[in-house]
Amino acid sequence: MRKPLTVAVALLALTACGGTTKSSTEGQQSKAPENTAGKADPNAPLKEGLKIAYLPKQLNNPYTDVEVGGGKVAVEEIKGTYKLVGPNDASASSQVSYINTLIQQQQNVIVVAANDPNAVCPSLNQARKAGIKVVTFDSDASKTCRDAFINQATTQGIGESLVKMASELAGGSGEIAVLSATPNATNQNSWIEVMKTELAKPENAKLKLVKIAYGNDDDQKSFTEAQGLLQTYPNLKVIVSPTTVGIAAASRYVSSSSYKGKVAITGLGLPNQMRQYVKDGTVKKFALWNPADIGYLAAYAGAAMSSGQITGAEGEKFKAGKLGEYTVGADGEIVLGPPTEFTAENIDKFDF
């Protein structure tokens, strides 16, 4: 079903990469519009000419660029019309005006990586009432305001992997810190909650999480936050950054500082962005899936919904081009697959 290296996504764990607090979504959303699509017809032909719009957390983000690039490839494969819009910052409310415009343009599918699970919900539900299919990817919105969610890997698996890598790099004991994206990032907060649970287990009793810092997926702020962590916690052993912007910024700081070789950096990053830090010994290991495949899968899921092949109900199956067949899970979640762990031994096999 997946290609061994490119689609694989093997151990650790996802804006990579930004997100929203899971608990903050509970009880705050109005009831979602009823599904009016009727029963799924898996044999229905995939419609041509679908208008599929991508709304990432922010534009001009290396990770985002790869994701939406995969979406563009998929939209072209299914003979649809691809559109990319989005803010230059990852603030909670910055996506709302774009959603409203996409509704006016009568898009067939909106693929969105939510900066905040609540802020986008009223607009997304308006889109659904207008017959537009809403697929979230990378960072989920509340399940009450979307039809499906493309997840890079399971939240549990990512959180466990992050702790596993941190423990290995720390030698099983010592202080660790997290350099996250935005405070409201759904995926980041979900992974961090799993990390906290894992760190509370007896086998991880010697690891201490001293701080969760936020770089807001901004390169300079992430750089400054990494610097602050190392100055504030002189005994820090590992910085875990589950966001591509954060891990690259932290690696850049450590690579040219006296902390190189003393403090480990790990998390989620792009191989092309991280290669130099792996080669110079700053980073021993990190992980990610192929972001292009997330955007690619989201396009096929949206097209399958708009064509009536699936409704987003658990157990439904659809084909996603080169990635093969996928099954819709609980609450409309569709999991790409496990992430891949990158080291000096294998990083040159990847180009994204």
* NZ or CZ of Lys285 within 45° of Phe342 ring axis and under 6.0 Å -> no
* Contact list for residues 102-114, test salt bridge (charged side-chain N to carboxylate O under 4.0 Å, His left out), sequence neighbours left out -> none
* Under 3.5 Å, side chain of Ser94 to main-chain N/O of Ala90, donor-acceptor pair present? -> no
* Structure fact -> Output for pair (Lys260 NZ, Ser255 OG), nearest 0.5 Å, gives 6.5 Å
* Asked: Can we say Asp348 and Lys279 salt-bridge, meaning some charged N sits less than 4.0 Å from an Asp/Glu carboxylate O?
  -> yes
* Do Ile176 and Ile239 pass the side chain to side chain contact (heavy atoms under 4.5 Å, CB included) test, and can you show the C-alpha distance, the side-chain angles, and the key distance before you say yes or no? -> CA-CA 6 Å; Ile176 67 173; Ile239 293 177; over 6 Å; no
* Structure fact -> In this structure, CZ of Phe149 is separated from CG of Asp331 (nearest 0.5 Å) by 11.0 Å
* Between Lys57 and Asp217, is the closest basic N to carboxylate O distance under 4.0 Å? -> no
* How does the hydrophobic cluster around Val112 look, that is, which other residues are in it when side-chain heavy atoms under 4.5 Å mark a link? -> Leu55, Val85, Tyr98, Ile99, Leu102, Ile103, Ile110, Val120, Leu124, Ile132, Val134
* Asked: Is there a donor-acceptor pair closer than 3.5 Å between any side-chain N or O of Asn216 and the backbone N or O of Asp218?
  -> no
* **Thr197 side-chain N/O to Glu193 backbone N/O, donor-acceptor pair under 3.5 Å** => yes
Using distance only, find each side-chain donor-acceptor pair of residues 43-51 under 3.5 Å and give its atom names and separation, not counting sequence neighbours.
| residue | atom | partner | partner atom | Å |
| --- | --- | --- | --- | --- |
| Lys47 | NZ | Ser306 | O | 3.2 |
| Lys51 | NZ | Gln105 | O | 2.9 |
| Lys51 | NZ | Gln106 | O | 3.2 |

* Plane angle bin for Tyr296 and Tyr300 - parallel if under 30°, tilted between 30 and 60°, otherwise perpendicular -> tilted
* Structure fact -> Here the ring pair (Phe, Tyr, Trp, His ring centres under 6.0 Å) pairs for residues 207-229, sequence neighbours left out, are Phe223-Tyr253
* Residue pair Thr154, Glu333: steps toward the side chain to side chain contact (heavy atoms under 4.5 Å, CB included) verdict -> CA-CA 10 Å; Thr154 65; Glu333 183 179 26; 5.7 Å; no
* **Pairs touching residues 64-85 that satisfy ring pair (Phe, Tyr, Trp, His ring centres under 6.0 Å), sequence neighbours left out** => Tyr54-Tyr82
* **Hydrophobic cluster partners of Val96 (side-chain heavy atoms under 4.5 Å)** => none
* Between Glu168 and Lys164, is there a side-chain N and carboxylate O pair less than 4.0 Å apart? -> yes
